[in-house]
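Data block below; observations after.
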Amino acid sequence: VLLFHQAFADLLLPSAVASEEGLWSAWLEQTLRLQAGGATQDRIALDLADACINRGENQIPVDLAAEWRAQWQRKMGDDPVLIAAYLDDLERLGVAGIVHQTGDGGWDWVSDSLAQHVFYRALRRRAPQLDESAVSLWFGLPATLRLDGALAHAVVALWGEGRTEALAAILTYGVRGRLALAQGIARVAPRNLDTDVRDSLRCFEEQLQLLADTVLQQKSVRDIDRLQHTLLEVDDALRDHWGTTPALTACLKYATSTAERLAALEPDNVQYLRGLAVSCERMGSLVERSDPTRAREWHGKALEIAERLAILKPDNVVYLHDLSVSCLCMSRMEERSDPARTREWHGKALEIAERLVSLEPENVQCLHSVAVSYEWMGHLEERSDPARAREWYHKALEIRERLAALEPDNIQYLRDLLVSCACVGRVEERSDRAREWYHKALEIAERLAALEPDNVEYRSEERRVGKECR
């Protein structure tokens, strides 16, 4: 029981495992029934979740805690002996490991994951039959992050039951529905660590196809667009997790097919064209190693659209950024076969990135783009002209230090800063400063591993940089 308690307080198990419905149910059942009257504790937890949901609260604020305390005291007949002898409702949940007291006198659930699951159980208590009317009622409740996490649990349940039409209906609830659907799909996406991964992947793809077919048959351009964005958001959620490539391939396959349908329906709609370009670029990046020829085709298609959009709106920062990314992707495809062509693509990407910074000097995305271009120019110069490479790397480092200072816990900025420190360390290897830069990189790698302990890439990077420090 202690293992489950720590795991679902986000201390031990990766979130992909910790969110499994069966494990959650087993843990809650055991924890809530450790003491006599466990069924009462179960009811108390769900009543408390109901109160938070109705008030639009993520945690239990001071006034709600005081209200619950007062209600409990009245149940005790305001008898000071009974009040002193027994735990109140919140304290009982605290002993069970469901909630804990906060510094301001309020209470909070022990983790986001636990809160989302208890909120979901409270919703199912309101509507045991999971149907479209229940989902409609739930999306009408005040939005909070934890309630939206509970709605993602509802998506998982609908997915497991094969309720394709109900899943498609969630798209009608706008951004909130789209995000809940994306979170739910990310949770059910099979990983290579699954024992029956082939069967799981087949079922996953079949369900995705049914969902896409259902949305396309309804012929709502708005919902087709939302489905395409949902699948791209699943890609965002899973991209850095080990063993998810087959599931990502399936998601991007249908993201691309829905984007192509949108572009065919409205050929001059720049939003739909950009959606298609993004899908093609991501598909190309996913298959670069396994199928370089196909990857080149995907990247070429993305580049063609990006160039078209940049011509239509030459000062549009988003379109220019997309074009810069496409140039970098094309350069990667030429890196081994045609170094001169690679340099040409990087030169184009750098020119666009510097233009972006001139248009919006404080735009962090523009700064990130130009730092990427500086870093790539450093890579190109590293063997032939180390001094020039050092200049490029320091330019990238300066920008990345600035971005990391703005958002110290931003994972992407930390990863970029780690890379820059390692690059500078590499070109400084013959000087006394090399160890200093590697130690900085190691500190960042350790911090990343602490922020996302289940990310194997960060652990691997930590070990690799650690070797460089020796």
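A quick note: this is a predicted structure, and the numbers were derived from the prediction, not measured. Side chains are part of it too, since the values below use all heavy atoms of this structure and drop only hydrogens, waters and symmetry mates. The first residue of the sequence shown is numbered 1, and numbering continues consecutively from there.
- Counting heavy atoms from C-beta outward, D88 and Q71 have side chains that stay 4.5 Å or more apart.
- Salt-bridge check for R121 with D50: failed, with every basic side-chain N at 4.0 Å or more from each acidic carboxylate O.
- Considering only heavy atoms from C-beta on, L276 stays 4.5 Å or farther from L262 through its side chain.
- In summary, the aromatic rings of W437 and Y393 are positioned with their centroids too far apart to meet the 6.0 Å limit.
- Residues Y413 and H368 place their aromatic rings such that the two centres sit no closer than 6.0 Å.
- Between the side chain of E281 and the backbone N or O of S326, no donor-acceptor pair lies under 3.5 Å.
- Every residue was checked against the side chain to side chain contact (heavy atoms under 4.5 Å, CB included) condition with L137, not counting sequence neighbours, and none meets it.
- Between F139 and Y173, the ring-plane angle classifies as parallel under the 30° and 60° cut-offs.
- No side-chain heavy atom of L90 sits less than 4.5 Å from a side-chain heavy atom of R69.
- For the pair L417/L397, a side-chain contact is recorded, criterion being any heavy-atom separation below 4.5 Å from C-beta on.
- Closest approach of Q129 to A134, counting heavy atoms only: O-CB, 4.0 Å.
- P246 meets the side chain to side chain contact (heavy atoms under 4.5 Å, CB included) test with N192, L201; sequence neighbours excluded.
- Looking at L208 and W159, their side chains come closer than 4.5 Å, going by heavy atoms from C-beta outward.
- Scanning all heavy atoms of the two residues, the minimum distance from L158 to A166 falls at CD2-CB, 3.8 Å.
- Ion pair R202/E206 flagged as a salt bridge, since at least one NZ, NE, NH1 or NH2 atom sits closer than 4.0 Å to an Asp/Glu carboxylate oxygen.
- Side-chain atoms of D322 do not come within 3.5 Å of backbone N or O of A306 as any donor-acceptor pair.
- Proximity of L123 to F119: side-chain heavy atoms (C-beta onward) are nowhere separated by under 4.5 Å.
- In summary, D223 and R226 engage in a salt bridge, as defined by a charged side-chain N under 4.0 Å from a carboxylate O.
- By the 4.5 Å heavy-atom criterion applied to side chains, V317 and Q365 are not counted as neighbours.
- Side-chain N or O atoms of T244 include none that pairs as donor or acceptor with a backbone N or O of L248 at under 3.5 Å.
- R74 has no carboxylate O lying under 4.0 Å from a charged side-chain N of D79, or vice versa, which leaves the two without a salt bridge.
- Ion pair E362/R402 flagged as a salt bridge, since at least one NZ, NE, NH1 or NH2 atom sits closer than 4.0 Å to an Asp/Glu carboxylate oxygen.
- Remark: V278 engages L232, R274, R282 in a side chain to side chain contact (heavy atoms under 4.5 Å, CB included) (not counting sequence neighbours).
- Of the charged side-chain nitrogens involved, at least one lies within less than 4.0 Å of a carboxylate oxygen, so that D47 and R125 count as a salt-bridged pair.
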